[in-house]
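Reviewing the structure listed below.
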Amino acid sequence: MEDTLAAAVRAALAALPDLPDDFDAEAVEVEFQTPNDPTHGDLATNVALQLARPLRRSPRAIAEGVAERIEVDPTRVAAVEVAGPGFLNIRFASAHLTAGLAELLTQGERYGRVTDHDGETAIVEYVSANPTGPLTVGHGRNAVLGDTIANLLDWTGYDVVREYYFNDAGRQMRVLGQSVRARYDGIVRPDGPTKTLEDGLEVPASFPDDGYRGEYITDVARGLAEEHGDALLDAEDEAPFKEAAEKAVFAEIMATLGRLGVEMDSTFNERTLYEGDPAPVWDVVETLKAKDLAYEEDGAVWFKTSALGKTDSRDGEEEGKDTVLVKSSGEPTYRLPDIAYHLDKLGRADLVLDVFGADHIATYPDVVRGVEALGGDADAIEVVVYQFVTLVRGGQPVKMSTRKATYVTLDDLMDEVGEDVTRFFFLMRAPGTHLEFDLDLAKEASEKNPVFYLQYAHARIASIERKAEETGLDASAEADLSALDHESEEALVKTLLQFPDEVRTAAGARAPHKLATFLRDVATAFNAFYRDCRIVGEDEPLATARLKLARATRTVLKNGLTILGVTAPEQM
RNA sequence: GCCCUCGUAGCUCAGUCGGAUAGAGCGACUCUCUCCUAAAGAGUAGGCCACAGGUUCGAUUCCUGUCGAGGGCGCCA
C-alpha cells in the first residue's frame, strides 16, 4: 500500500509545472507516517515540506499540486487532502479496510507473520547462566527478553535457534563442588569442626570463604549422604560433589525456565571449544599470532587490542591497551572462548544475537575485535543489553544479596505473582531502562494490572462468541463486512490491520515492549467497540459482521500474546 | 579520570529514522451496570519532555556541554 502510494506521489510530483531541470521526482523518498490525530487521515507524508527548498516554492503549493494530480485506486483510497503547513493526508476507502479484515480472518493464527527474512537463520543466545545456583530475577528478564525476541524473529521469517551457553569447568563450579562437599562433611560428621563466617553463619570448617550458602547446596549434600552414606568422605577431589550439584542445579534451572514457557533448542558447553584438533580456542590464538595480533609476555598470551583501537584512560593519559587471552597459568580468560564461540555461531547463522545484562557490556567490544581480526562478519553480531531489575514492595526496594542467598529467586517471584504476570512485566518496558517491578501492582491490585487488561479483553470476546453461538448466530457464515461502518468499528479495524507492521517493527528493533504497547491499543479499541456496538440481539447480517470483527480482534490478541509468551484465557 | 545506558505528569513508563494540540496506566476527584464479563467505560486535574547552547522552515527527538541516576573499566565471569 505505501509503496504504491509513494509511486503515485512521485508521478504527481513529476507532473508539476515549471520544475527545475535538475529535479528528479523518481529519486524523491516518500515516507509515510500514521498521524496521531485521526482527523489527519490514515497516512500522512511530509514530502512537500521537504521539497520546499529545492523547488523554491511554498510547501502548501507543492502539496496542492500533488493532491490535484495524484492518481490513486478509488477503491483503496478515499481522499488525498492538504493540511497544516503542507502535509498530504491520505484517507483509506472502506473497501480497503474490509479487504484487509477478510484477509486477517483467512490467515487466522498465522496473521501477523511476515516473510521479510525467509530463508535466513538466527541464533539467539540467552540465559546462559552457569549452573551454580537457582535463577535470579535478573536471569528472568534475560530469559523472557531472549525468548520473546526469538519469537519475534521467528514471526518475521527467521529460522531461529534458542541457545544456552554455559561452562561447568571454571572456578565458580569448583567452589560449588567444595561448598557441597563441606555441607556433606557436616551432615555425615555432625560433630566435626565448624567455623563461623564473618556474617555469623556457622558452617563446617572446610567450607570455602566464598562458598555458596543457599539451602539448595545442603539439599544436594543431603541427597549424596542418603545415597552413599559417608563413603564419599575419602573422595580424592570435589568432582563427585560438583557433578551432583551441576545435575541438580541444571534440572532446577530448566524446570524454572519451563514454568516461564522458555524451551531452549540447544545448550552449548564451553568445554567443546577445547576439543578437536585444532581446538577452536587454540586455533584462535594461533591465527591471531600469525596475523601479528597476539604475542606472549610475562607467560601470558595477549591480544593486541591496542592496535585495534582499544584504549585505557584511567590515569588521565590516553594509551593503548592490550588484553589477556591466556593467563600465565595456562588457563584462558573468558574472552578467548567467547571469540571462538562467536565464530562458531557465525558459521551456523546469518544473525547472531546475544542477550545480556549491563554488567557484561564491556565484554562485547573485545569479542567484536577478535571476530573481525579473524575475518568473521562482526556486523552479523548484535547485542541486546538490558538494565537491572529492582523489586519494589510497599514502595521500598527489596534488598538482595547473592552471597548471603537473600535474593529472591525467579521461582519465588513466579510463586508470588504468577507466570503470566512475571513474563509480561519483564517485557513491558524497553530493555535499556532500569525495570522497577512493583510486586504490589503485579499481585494485589490484579484488576489494575496491564496483563489482565489484555487477557480480559480476550476472555470477553470468547464469552461473546459462546453467547452468540447459543443464540444461533453462525460465526462461519458469509458476512458482508461493509456493514461495519460505525466509527468504533472502523477504528478497531484500522488498529487490527497494523499488526503485521507492529510485529515487523518490534522484531527489527529487538523490542518486545513495542508489541505489548500495541496490544494495549488493540484492547482499548475493542473496548470502545464493545461499548458502542452490540452483537447479540442485532439483525443477523450486522450481528454476523460484528462477530467476525470480534473474532478478528481475538485473533490479533491471541497471536500477540502468543509471541509474548502469555496465555490467552477463554474465560476469567 | 574514561566509556556505556538513562533523565518525559505525583508514581511507573510509552512516544522521537526531526513534523501538525507530547500519550497510557497507576494514584486523586466526578460519573456510568434492568444491557454479549464493570478485571470495563466517560470525564476533570496534573508537563519550561533534567538544564544551557547549536543545527533546521520546524527539536522532546539530532550535535556539544553541564547536572543527576545506574552500570562498566582485572592474568574474575
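Quick note on labels: first sequence line is chain A, next is B, and so on, each numbered from 1.
The aromatic ring centroids of A/Tyr165 and A/Tyr341 lie less than 6.0 Å from each other. Aromatic rings from A/Phe250 and A/Phe166 are positioned such that their centres are separated by under 6.0 Å. Aromatic pair A/Phe426/A/Phe437: ring centres closer than 6.0 Å.
The structure places CG of A/Leu454 at 8.0 Å from CG of A/Leu564, a figure rounded to the nearest 0.5 Å. The structure places OG1 of A/Thr132 at 4.0 Å from OH of A/Tyr212, a figure rounded to the nearest 0.5 Å.
Residue A/Trp302 has its side chain nearest to B/C75 when only B/G19, B/C75, B/G72 are considered. The listed nucleotides are B/C75, B/A38, B/C13; the one nearest the side chain of A/Arg460 is B/A38. Comparing B/A77, B/C4, B/A38 by their nearest atom to the side chain of A/His360 picks out B/A77. Of the candidates B/C36, B/G72, B/U5, the closest approach to any side-chain atom of A/Ser463 belongs to B/C36.
Of the C1' atoms belonging to B/G68 and B/C51, the separation is 11 Å, rounded to the nearest Å. Separation of the P atoms belonging to B/G46 and B/A39 is 30 Å when rounded to the nearest angstrom. Taking atom C1' on both nucleotides, B/U8 is separated from B/U60 by 7 Å, rounded to a whole Å. Separation of the P atoms belonging to B/G1 and B/U66 is 10 Å when rounded to the nearest angstrom. Rounded to whole Å, the separation between the C1' atoms of B/C76 and B/C62 comes to 39 Å. Here, B/C6 and B/C49 have their C1' atoms 14 Å apart, quoted to the whole Å.
The pair A/Glu382-A/Arg510 meets the salt-bridge criterion, since a charged nitrogen lies less than 4.0 angstrom from a carboxylate oxygen. Salt bridge annotation for A/Asp366-A/Arg369: present, with a cationic side-chain nitrogen under 4.0 angstrom from a carboxylate oxygen.
Cation-pi geometry between A/Arg520 and A/Tyr453 is met: the NZ or CZ atom falls under 6.0 Å from the ring centre, inside 45° of the normal.
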N/O to N/O distances under 3.5 Å, protein versus nucleotides 15-18 of chain B:
{"residue": "B/G15", "atom": "OP1", "partner": "A/His513", "partner atom": "NE2", "Å": "3.2"}
{"residue": "B/G15", "atom": "OP1", "partner": "A/Lys514", "partner atom": "NZ", "Å": "3.1"}
{"residue": "B/C17", "atom": "N4", "partner": "A/Glu31", "partner atom": "OE1", "Å": "3.3"}

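In terms of position along RNA chain B, the nucleotide closest to A/Thr524 lies nearer the 5' end than the nucleotide closest to the other residue of the pair A/Glu297 and A/Thr524. Projected onto RNA chain B by closest heavy-atom contact, A/Ala362 and A/His40 fall at different nucleotides, the more 5' of which corresponds to A/His40.
You cannot call A/His434 stacked on the base of B/G70; the centres under 5.5 Å and planes under 30° rule is not satisfied.
Looking at residues two or more places apart in sequence or on another chain, you find a side-chain hydrogen bond (donor to acceptor under 3.5 Å, both in side chains) between A/Glu296 and A/Lys289.
With its glycosidic angle within 90° of 0, B/C33 is assigned syn.
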For RNA chain B, the dot-bracket pattern of Watson-Crick and G-U pairs whose distances stay under 3.5 Å, | for other-strand partners = (((((((..((((.....[...)))).(((((.......))))).....(((((..]....))))))))))))....
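Between A/Tyr530 and A/Phe526, the two ring planes are tilted [angle within 30° to 60°].
To the nearest angstrom, C1' of B/G25 lies 9 Å from CE of A/Met428.
For a distance-only test at 3.5 Å, the side chain of A/Asp521 fails to qualify as a donor-acceptor partner of the base of B/A14. For A/Ser328 against B/C75, a side-chain-to-base donor-acceptor contact under 3.5 Å is present.
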